[in-house]
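In this chain, numbering begins with 1 at the start of the sequence shown. Note that the structure is a prediction, hence the values are computed from the model and not measured.
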Amino acid sequence: MAPPRGKDTDSREIAKIGPSRRSLLAGGAALGLLGAVGCSRVSASGTEDGGNLLERLRSQGTVRLGIAGEIPFGYIDKNGEFTGEAPEIAKVIFKRLGVPKVQPVPTEFGSLIPGLRSQQFDVVSAGMYINPERCAQVIFSDPDYRMRDAFIVRKGNPKNLHNYEDIFKKKAKMATGTAYAEIGYAEDAGIKQSDMLILPDQLAGLLAVEQGRADVFAGTTVTVHNVVKQRNSQRAEATEPFQAYVDGKPDIGAGGFAFRPEEAKLRDAFNVELHKMKKSGELLRIVRPFGFTEEEMTDLTAKELCS
């Protein structure tokens with residue numbers, strides 16, 4: 001999460017899957033940090049033996065999780081506690097894998113993949129969308145959620161904005177986050193990136209709408225609804241979730257955990273526990289406090305999203 005060009009969708013209509021939530025890697029500068037990874041697809045099997053990271057993590061008893069400080073996906077709360085949808089899943093799974101402690105390593109979203117590849121942390125735990133571009137650089141667990149978009153608008157939604165086409169037709173001023181996938185969705189609807197207000201996060205987006213600097217802030221539905229609710233805004237509201245389209249087709253936004261390509265054994269062991277949690281309903285119970293519902297649950301696989 002190249003210039004941002006994201007996509008989101010529903011069910012198994014895997015049409016075109018483009019760069020994803022908060023786009024690819026926050027632009028070309030971040031891509032430069034990856035070094036000469038080229039454009040070849042990373043083998044889903046990793047190296048020949050699948051790596052020994054899981055054994056090393058068990059030995060040291062701690063796993064380092066890369067997070068991007070984004071509510072509700074992974075963040076440090078007001079009490080200084082490490083939490084979020086992805087970290088809470090990771091705490092349960094790694095404990096069951098014999099790794100009792102998780103250590104957060106905060107960074108910018110665009111630095112997550114470079115940081116993982118340079119071993120600054122062991123796993124990306126930030127709800128990262130899975131797409132072919134990222135699959136060329138890392139390997140993913142199967143997704144633990146799928147997501148639609150929503151807007152922050154002025155109270156009463158005076159411009160009646162419900163999707164990106166509405167923004168374009170009504171020449172509304174759009175804001176969104178740095179390297180968000182929503183930039184790509186908007187561009188597909190005809191909105192120029194140069195006309196968008198690019199902000200650091202969803203809180204800045206809420207303030208921009210409240211202050212009249214933007215008519216709408218675009219983000220994922222859980223992110224948007226959370227910030228409006230937490231701030232108890234009297235001047236702005238969140239719209240109903242909607243499906244983003246690219247070239248007239250619904251696009252999938254589904255997120256998971258990222259691992260270094262050579263650590264397929266760890267990824268596979270993680271997937272085994274994740275699938276158990278999905279089947280039992282435990283996964284939904286863990287993520288529900290962060291605003292996730294049955295609608296965000298998915299049985300898509302990383303293989304489908306990477307293809």
Side-chain angles (χ1 to χ4, degrees), residues 1 21-22 26 57 60-112 115-116 120-129 141 143-145 147 150 152 176-180 199-211 217 219-238 255-258 270 273-274 277 281-294 296-297:
M1 324 186 141
R21 187 165 71 85
R22 288 143 315 186
L57 295 178
Q60 64 194 35
T62 302
V63 58
R64 299 168 301 161
L65 303 180
I67 65 170
E70 182 181 1
I71 299 172
F73 297 100
Y75 60 98
I76 308 297
D77 68 17
K78 60 184 179 183
N79 299 316
E81 297 294 325
F82 174 40
T83 189
E85 173 264 350
E88 294 303 325
I89 295 171
K91 289 174 186 178
V92 172
I93 289 181
F94 277 104
K95 187 174 182 179
R96 291 173 182 169
L97 291 177
V99 187
K101 295 182 181 179
V102 296
Q103 175 186 334
V105 183
T107 188
E108 294 182 354
F109 191 86
S111 299
L112 285 169
L116 176 68
Q120 294 175 31
F121 36 83
D122 305 304
V123 181
V124 171
S125 178
M128 179 177 280
Y129 273 6
S141 69
D144 48 83
Y145 76 91
M147 188 72 66
I152 298 174
T176 192
T178 302
Y180 275 29
L199 300 168
D201 54 34
Q202 66 271 25
L203 177 56
L206 173 63
L207 295 175
V209 172
E210 289 181 333
Q211 296 163 2
F217 177 86
T220 63
T221 181
V222 173
T223 298
V224 162
H225 281 79
N226 271 1
V227 72
V228 171
K229 181 179 179 181
Q230 289 176 5
R231 296 288 293 186
N232 192 26
S233 177
Q234 301 303 306
R235 289 180 287 175
E237 63 184 45
F257 292 75
F270 189 97
E273 298 301 325
L274 179 64
M277 293 168 68
E282 182 182 14
L283 180 64
L284 179 56
R285 292 194 295 273
I286 289 173
V287 302
R288 195 185 292 278
F290 301 98
F292 290 76
T293 68
E294 180 69 38
E296 279 75 56
M297 297 298 97

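Across I152 and L206, no two heavy atoms sit closer than the pair CG2-CD1, 3.8 Å. For A86 against G127, the heavy-atom pair with the smallest separation is CB-N, 3.9 Å. Nearest approach of A236 to V228, heavy atoms of both residues: O-CG1, 4.1 Å. In this structure, V124 and M128 approach most closely via the heavy-atom pair CG1-CE, 4.1 Å. When all heavy atoms are compared, the tightest approach of N226 to P72 is ND2-CB, 3.2 Å. Annotation for A68 and A126: closest pair N-CB, 4.3 Å, computed over non-hydrogen atoms.
Counting heavy atoms from C-beta outward, I93 and F257 have side chains that stay 4.5 Å or more apart. You'll find the side chain of T83 reaches within 4.5 Å of the side chain of F290, heavy atoms only. Using a 4.5 Å heavy-atom cutoff, the side chains of T220 and Y180 are not in contact. At a threshold of 4.5 Å between non-hydrogen side-chain atoms, the residues L65 and F82 count as touching. Looking at H225 and V222, their side chains never come closer than 4.5 Å, going by heavy atoms from C-beta outward. Using a 4.5 Å cut-off on side-chain heavy atoms (C-beta onward), V287 and D144 make no contact.
Note: E296 CD to R288 CZ = 10.0 Å, rounded to the nearest 0.5 Å. The line from CG of L274 to CG of L283 is 6.0 Å long, rounded to the nearest 0.5 Å. The distance from atom CG of L207 to atom CZ of F217, rounded to the nearest 0.5 Å, is 10.5 Å. If you take OG1 on T178 and CG on L199, they are separated by 7.0 Å, rounding to the nearest 0.5 Å. For the atom pair CD1 (I89) and CD1 (I286), the distance works out to 6.5 Å, reported to the nearest 0.5 Å. Between T107 atom OG1 and Q120 atom CD the span is 6.5 Å, to the nearest 0.5 Å.
D201 contributes a side-chain N or O that, together with a main-chain N or O of L203, makes up a donor-acceptor pair within less than 3.5 Å. At least one donor-acceptor pair closer than 3.5 Å links the side chain of Q202 to the backbone N or O of I71. Not a single donor-acceptor pair under 3.5 Å links the side chain of Q230 to the backbone N or O of V227. E108 contributes no side-chain N or O that, together with a main-chain N or O of G110, makes up a donor-acceptor pair within less than 3.5 Å. In this structure a side-chain-to-backbone donor-acceptor pair under 3.5 Å is missing from R235 to Q211.
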Which donor-acceptor pairs under 3.5 Å do side chains of residues 96-104 form with protein atoms, sequence neighbours excluded?
residue : atom : partner : partner atom : Å
R96     : NH1  : E282    : OE1          : 2.9
R96     : NH2  : E282    : OE1          : 3.3
R96     : NH2  : E282    : OE2          : 2.8

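Checked by atom type, the side-chain pair E210/S233 shows a donor-acceptor distance below 3.5 Å.
Between F73 and F292, the angle of the ring planes goes over 60°, which puts this pair in the perpendicular group of the 30/60° scheme.
For F94, the ring pair (Phe, Tyr, Trp, His ring centres under 6.0 Å) partners at least two apart in sequence or on another chain are F270.
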